[in-house]
Structures are given as C-alpha cells and as structure tokens.
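Computed from a predicted model, the values in this text were never measured in an experiment.
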Amino acid sequence: MFLVISAAAPLTAVAGGVPLAMLLGNGAGVAGAVGLVTLILLLFAVGYVAMSRHVRNAGAFYAFAAQGLGGHFGGAAAMVAILSYNCMQIGILGLLGAASAGTFGAMGLSLPWWVWSYIFIALTAVLGYRQVDLSAKILVVLVALEYLIVLVIDLAILGAGGDSGTLSMAPFAPSQVLSGVPSIAILFCFAFFIGFESTTIYSEEARDPKRSIPVATYGSVLLIGVFYMFTAWLMANGAGEDKLVPTLAGLADPTTFLFDLAGRYVGGPVPTIMGLLFITSLFAAVLAFHNGVARYKYVAGREGLLPDRLGQTHAEFRSPHVGSVIQTIIASLVIALFAWQGLDPVLNLFTWLTQLGTLGVLGLMGLVSFAVIGFFRKKGDLGESLLATKILPLVTGVILLGLFIVIFKQFGAMTGAEGWLGIALPSLVIVAAAVGMILAWNLRNRDQVRFGALGRHR
C-alpha cells in the first residue's frame, strides 16, 4: 500500500493535474469527479483482486489479459501498456522541464525547459541502465514531505474558511460535477490513480497474498481518492468557487496555482520548498515509468512478442538495459520534436501525452474486467463469489470501455490537440493494440509453446 501511495506522487497530481483538470474540465467539480472515479475503481478492484488470488504474475494487466482472454489479447495489452507508460514518462518530462525552468530561473539559473528535460533524461538513463534506483530511505522522506506540505496548505485553507470565509460543498453537487467538460476532469482523475494496479505485482513475494493484496489494493484506492478529493475541494474553496476558472485562465502556467495558494494562505518558505519537492516528485515519477516501460519491453522480449535481445539482462548490472536504452532514445526524440516545434511543455507535451497514456490505461482496465469474466468462465469460480467473477467485472467493464469510447471521440477537443492530431493521438492506442495482436499471431506461428505460456507465472 505504501509503495502505491508513494508512486501516486501527490505534488505531481495536486500541483500538475488538478489545476489543469479544473481549467480544461469542470472547474470546482473536480473534487466530485475524484469521488466518482474512486467509486469506479473500488468496484473494478473486486474482480481484479479476485483474479489476483489465482494469477500470480508480475505482468499485471498484460498477464491478466493473456490468461483471461488468450494470447492475442495479451499481446495487445502488452503493446498498449508500453505505449501508455511511455507517454506518461515523456509527458511528465515536459512538466518537469517547465517546473525546473521556473524554480531554478527564480534563483538566477535560467535555462530553456527542454534543457532541463534533457538533464533529467540523462540522469534517468544512467540510473535505468545500471538498475540504480533512488534510495528507498530518501524516497520515503521526500514522499512524506510531499504529503505533509500539501496537508499544511489544506489545513491553512480549512482554518481560514477559504476565499469567502465559509467553506462550500458545491464542488460535490451533481450540477457542478457535470458542468463544463466533465469527461476531461474524469480523464485527469483516472491519471491520479495510475499505478494502483501494481499491488498485484507483489503477489509472488507477499507472505499472505490472499489477505495482503486485497487490503493493499482497496486501501491505496481509498487513501489516494480521499486525499485528492479533500485537497481538490479545498483548492476550489481557497480560490473561491466563482473565481476559480478565471483565476486559472489568467495564469501563464496553471501548475503554479497551488504555489499561489501556498503563498496566500501559508507564506514563508513554503512555496520555495514546494517548488523543490515538486521537482523531486516529478523526477521520481519519470524514473518509475522509465523502469516500468523497460521491464514491460523485457517481459515482451523474454516471452517472444518482441525480439529476444530485449529479453536479456545486462551481464554486470542485471538490468533490462536494452529496453532502458531504447526508452531513453524515444524520450530524447520526442522532447526534440516538441522543442523544435515550439510547443508548450505543459499544455501540449504534458497534457497531450499523459492523457493519451491515461486513455490507454483506461482501455486496459476495461479489457481486464472482461478478462476476469473469461478467466473464471474457463477455470470455474475457484471459491470466488458471482459478484466478484461476473457481475461487477461486467458492470465496470461496460463503464470503463464506455468512458474509453467517449474520451477517444472527444480527445482533440478535451486536450486542445487540434485538427488531425485530435484523431491521430488517440488512434495510437488502437494501432498499438493491433501491433500487439499481430506480434502474438506471429509468435503462435513460430512457437506454439511460448504462445501458450504468455502471461503464466514463471
């Protein structure tokens, strides 16, 4: 549970995602949207956790899709996951570059955002290649400080009664949640939870996975959901419900909104400390996604979907170094493209790519819901309830795939990706799924044994 909550990177979501969800989505209704997404994920977790008791594999969504729906769907899930987590990492690199340029620029060190992005790409490349993670003890301290500083701001706004002196519950009203473009807010809210599925990757190592994995999964969803819902509600009250969107629209960079609230309600060194913690939070997220994508590529190479070379580890460091190098090259090229085109690192690079990544994960979750049904149909109920094996997976599968279709159609309008980009970007998810199915079909023709073993525990 702690590992998932740590990966949620509160400052990345609260300072980076919440203001953009408010500006582009449904304003103050983001707090209610977080509550709605929390409920959907709790329902999804019922079937997901039930299957995790019988499929112990570090492949998460890929393994579940392969075991529940067959190798072709497993191949599709693997490629969509690689695309999605690629997009999440590279999108966050844009926000990291912009945040670093602002924070260090105020200290007298002025460099373009893309220079900072390349500095962090280089650091990530070294750590990813050598399999040198940031010290766990340092991460524990930094994450604790992130939560603490956000809670300090929350309590300051709570104590002051917000902008008007009286806190309003209007952000939770259905009319407010459905105002503006709620689908944008919902997409951002799903992004806040990306990584919660990682509880199942520890099932091979847990002392009592049948008890600890469900507790960790439900607990992390609840804690993340309540924390973000509480904070988004107070952020809306802190600016004033009627002033919120105009205030955000007037900012050159919407991600400075939380820092402005910190200066107004707390003051002192808090905004400066937040700036530095925001950068460490973003870098930790970049490193986590880099390592995750490298390992997805490693598994796909090991199991035959991608070239076998990707499925080998470094002779000395034992890291998935080939996937790590490929990931570094891709990130470098994409950053170069956005910098060359003069695109905004936050409104374009961060928003477009992280929301594309979230769209892909949303589709994966819908697919996994149906994989749960398929798995228990083949294996029998295995002691699980009808609610967990069929009813709730069907309900959440329909909801998640329905949201995927709506957001896919509206992606351009939702993210500001105009013209052909509004069609091309979300279509990459479909292309990745098709490529994955072709790769799986190829594997089946080459090696029936390896194809049949896709997603199985080793």
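The main-chain N or O of Leu392 is found under 3.5 Å from a side-chain atom of Thr396 such that the two form a donor-acceptor pair. Judged purely by atom type and a 3.5 angstrom limit, Gln67 uses its side chain to pair as donor or acceptor with the backbone of Leu454. Distance alone, capped at 3.5 Å, is enough to place a donor-acceptor pair between the Asn86 side chain and the Ile82 backbone. In this structure a side-chain-to-backbone donor-acceptor pair under 3.5 Å is missing from Asn26 to Gly180. Trp352 contributes no side-chain N or O that, together with a main-chain N or O of Gly412, makes up a donor-acceptor pair within less than 3.5 Å. Distance alone, capped at 3.5 Å, is enough to place a donor-acceptor pair between the Ser52 side chain and the Val49 backbone. Side-chain atoms of Ser117 come within 3.5 Å of backbone N or O of Leu93 as a donor-acceptor pair. The backbone N or O of Ala294 lies less than 3.5 Å from no partner atom in the side chain of Gln327, so there is not a single donor-acceptor pair. Formation of a donor-acceptor pair under 3.5 Å by the Arg53 side chain with backbone atoms of Pro214 is not found in this model. Side chain of Thr38 to backbone of Val34: a donor-acceptor contact under 3.5 angstrom is found.
Taking the ring centroids of Phe370 and Phe73, they lie at or beyond the 6.0 Å cut-off. Taking the ring centroids of Tyr147 and Phe227, they lie under the 6.0 Å cut-off. Annotation: Phe376 is in aromatic contact with His54 [ring centroid separation under 6.0 Å]. Checked against the 6.0 Å centroid threshold, His321 and Tyr298 do not count as a close aromatic pair.
Within the 4.5 Å cutoff, the side chain of Phe278 has heavy atoms near those of the Leu95 side chain. Residues Phe192 and Val18 have side chains in contact (heavy-atom distance under 4.5 Å, counting atoms from C-beta outward). Phe190 is listed as a side-chain neighbour of Ile40, based on a closest heavy-atom distance under 4.5 Å. Side-chain contact between Phe375 and Leu382: present, with at least one pair of heavy atoms (C-beta onward) separated by less than 4.5 Å. Contact of the Met365 side chain with the Phe61 side chain is registered, since non-hydrogen atoms from C-beta on lie closer than 4.5 Å. For the pair Ile373/Ser369, no side-chain contact is recorded, criterion being any heavy-atom separation below 4.5 Å from C-beta on. For the pair Val322/Gln312, no side-chain contact is recorded, criterion being any heavy-atom separation below 4.5 Å from C-beta on. The shortest side-chain heavy-atom distance between Ser183 and Met414 falls under the 4.5 Å cut-off.
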Worksheet item: Could you go step by step and tell me if Glu384 and Thr389 meet the side chain to side chain donor-acceptor pair (under 3.5 Å) rule?
Response: CA-CA 7 Å; Glu384 305 291 345; Thr389 60; over 6 Å; no

Discussion item. Is there a side chain to side chain contact (heavy atoms under 4.5 Å, CB included) between Leu287 and Phe120? Walk through the geometry before answering.
Written reply: CA-CA 9 Å; Leu287 184 60; Phe120 287 109; over 6 Å; no

Item to complete: Please test Leu356 against Phe411 for side chain to side chain contact (heavy atoms under 4.5 Å, CB included), starting from the C-alpha separation and ending with a verdict.
Response: CA-CA 8 Å; Leu356 174 57; Phe411 190 85; 4.1 Å; yes

Worksheet item: Can you list the steps and then say if Trp233 with Met169 is a side chain to side chain contact (heavy atoms under 4.5 Å, CB included)?
Response: CA-CA 8 Å; Trp233 169 61; Met169 300 302 292; 3.6 Å; yes

Worksheet item: Does the pair Ile399 and Leu403 meet the rule for a side chain to side chain contact (heavy atoms under 4.5 Å, CB included), with working shown?
Response: CA-CA 6 Å; Ile399 291 172; Leu403 285 171; 4.1 Å; yes

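One finds the CG atom of Leu362 at 11.5 Å from the CG atom of Leu367 (value rounded to the nearest 0.5 Å). Atom CG in Leu41 sits 11.0 Å away from atom OG1 in Thr217 (nearest 0.5 Å). Atom CG of Leu282 sits about 11.0 Å away from atom CG of Leu277, to the nearest 0.5 Å. Interatomic distance, His72 NE2 to Leu439 CG, rounded to the nearest 0.5 Å: 10.5 Å. Distance OG1/Thr231 to CG/Asp154: 3.5 Å, rounded to 0.5 Å. Atom CG of Leu20 sits about 8.5 Å away from atom CD of Gln355, to the nearest 0.5 Å.
Taking both residues in full, the closest heavy atoms of Thr354 and Met88 are given as O-SD, 3.3 Å, listed atom of the first, atom of the second, then distance. Between Phe283 and Thr124 the shortest heavy-atom distance is CE1-OG1, 3.3 Å. For Leu353 against Gly91, the heavy-atom pair with the smallest separation is CB-CA, 3.9 Å. Closest heavy-atom contact between Ala388 and Pro393: O-CG, 3.1 Å. The two atoms that bring Leu69 and Ala371 nearest to each other are CG-CA, 3.7 Å, heavy atoms only. Looking at every heavy atom in both residues, Ile92 comes nearest to Ala285 through CD1-CB, 4.1 Å.
Paired with Pro19 under the rule side chain to side chain contact (heavy atoms under 4.5 Å, CB included), one option of Thr256, Leu248, Leu261 passes, and it is Leu248. Exactly one residue among Val181, Thr415, Leu187, Thr351 makes a side chain to side chain contact (heavy atoms under 4.5 Å, CB included) with Leu24. That residue is Thr351.
Using the six-membered ring where Trp is involved, Tyr85 and Tyr296 have ring planes that are parallel, under 30° apart on the 30 and 60° scheme. Using a 30° and 60° split on the angle between ring planes, Tyr48 and Phe64 fall in the tilted class, from 30° to 60°.
The environment of NZ in Lys390 is crowded: more than 12 heavy-atom neighbours from other residues, nucleotides or ligands sit within 6.0 Å. For Lys409, the NZ atom counts as loosely surrounded, since its 6.0 Å shell holds 12 or fewer non-hydrogen atoms of other residues, nucleotides or ligands.
Looking at Ser179 and Gln176, their side chains do bring a donor and an acceptor atom within 3.5 Å of each other.
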